[in-house]
Amino acid sequence: MTDTDTDTDPGTDADTGTDTGTDADTDTGTDADTDTGTGADTGTAVGTGRDAIVRAARRAFTLRPYAEVTLRGIAADAGVSPSLIVKRFGSKERLFNTVADFEPAAEALFAAEPAELGRHLVLTMLRLRDELRGDPLLRVVFSLGIDDERTLLRARFREQVTARLAASLTGRDRELRAELIAGQLLGLGATLSLHRPDGAGARTTPERLARLYAPGLQGLIDGDAGRRDAEGPVSVVE
């Protein structure tokens, strides 16, 4: 996919679509989503600068095809100049690649031992949604880009989320269990977004949501080993 954005800000923006080499930042994983996981935050108040640019870019690339997204539009949404986007990211293509990165979310979500991972996943998803003012994963589902863009997002998601989780599991059907766990996390985010701001989930504490939702996740994490533990030792009668 090549960068076709030639929208520049006369007098202030030198965007030629090339990398200036001045951006040493890494993706902080910040996101602000609407009910489709894209965001209602204008980016002009809290977290202006790089975080606001990333939030605005995620909204733009989720709601519109890549070819229709311009740096000027992202800049206007983020409350920054187009030249700042060029300085930090170099090009629209590089900015899109940052938006397509799920690694920061995966680092936070999987930072627990397997025995505690189910509860940790729920609590971390809720924390990230609150801190980032949006869901860290839902853009993989709701992106309206063309096939190449959706393919890249889904490939990144499989590599950075699903495959990473599968590698950490033990027992049979690790890949299948990882896919089901990822689906449940996406389902949790979609449900909370669908019913906000006044749904039951918004009125429930994170601990209560974890008690209700985590056991299903933990069962998939444990797999056959968890079922054997639940059933207890087999009695042999001679």
Side-chain angles (χ1 to χ4, degrees), residues 27-48 51-52 54-64 77-79 99-112 116-145 150 153-154 156-158 160-162 165 176-222 226:
D27 187 7
T28 60
T30 55
D31 193 7
D33 75 328
T34 60
D35 289 347
T36 61
T38 60
D41 178 22
T42 63
T44 58
V46 179
T48 56
D51 290 353
V54 173
R55 288 195 297 270
R58 285 180 174 168
R59 286 192 293 273
F61 288 122
T62 299
L63 295 174
R64 293 187 295 279
D77 189 20
V99 168
D101 187 14
F102 295 96
E103 189 67 32
E107 288 286 345
L109 287 167
F110 302 142
E116 301 294 330
L117 186 56
R119 179 175 180 275
H120 174 81
L121 287 172
V122 176
L123 294 178
T124 302
M125 278 287 292
L126 297 174
R127 175 176 61 81
L128 289 176
R129 286 175 58 89
D130 182 57
E131 291 178 355
L132 309 178
R133 300 190 300 279
D135 193 276
L137 303 179
L138 277 180
R139 62 188 181 278
V140 74
V141 176
F142 291 106
S143 174
L144 297 180
R150 290 196 299 266
L153 276 174
R154 292 169 185 175
R156 289 277 183 87
F157 187 88
R158 287 195 298 268
Q160 297 174 341
V161 178
T162 312
L165 177 58
L176 175 59
R177 286 155 51 206
E179 290 177 3
L180 293 173
I181 292 166
Q184 289 203 17
L185 291 175
L186 291 169
L188 174 62
T191 297
L192 293 174
S193 292
L194 177 64
H195 295 287
R196 73 179 188 183
D198 55 354
R203 302 192 302 270
T204 305
T205 66
E207 286 291 341
R208 177 59 177 165
L209 281 171
R211 284 197 296 271
L212 291 171
Y213 206 81
L217 290 169
Q218 193 63 48
L220 289 168
I221 293 164
D222 294 338

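Side chains are part of it too, since the values below use all heavy atoms of this structure and drop only hydrogens, waters and symmetry mates. What you see is a predicted model, and the numbers here were worked out from it, not measured in a lab. For the single chain, residues carry numbers from 1 onward in sequence order.
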Side-chain heavy atoms of [X] within contact of [Y], under 4.5 Å:
X: Arg177; Y: Ile221; answer: no
X: Leu137; Y: Met125; answer: yes
X: Val122; Y: Leu212; answer: no
X: Arg58; Y: Arg55; answer: no

Quick check: closest heavy atoms across [X] and [Y], and the distance to 0.1 Å?
X: Ala112; Y: His120; result: CB-CG, 3.5 Å
X: Tyr213; Y: Gly187; result: OH-C, 4.3 Å
X: Gly118; Y: Gln218; result: N-OE1, 2.7 Å
X: Ala210; Y: Arg119; result: CB-CG, 4.3 Å
X: Leu138; Y: Ser193; result: CD1-OG, 4.0 Å
X: Leu128; Y: Ala108; result: CD1-CB, 4.3 Å

Query raised in the report: Do you know which of Leu109, Val161, Leu165, Thr162 makes side-chain contact (heavy atoms from CB on, under 4.5 Å) with Ile181?
Result: Leu165
Atom pair [atom1]/[atom2] of [X] and [Y] - distance to nearest 0.5 Å:
X: Glu131; Y: Thr124; atom1: CD; atom2: OG1; answer: 9.5 Å
X: Leu192; Y: Arg129; atom1: CG; atom2: CZ; answer: 5.0 Å
X: Thr191; Y: Leu186; atom1: OG1; atom2: CG; answer: 10.5 Å
X: Asp101; Y: Gln160; atom1: CG; atom2: CD; answer: 4.5 Å

Query raised in the report: Cation over ring, Arg139 on Phe102, under 6.0 Å and within 45°?
Result: yes
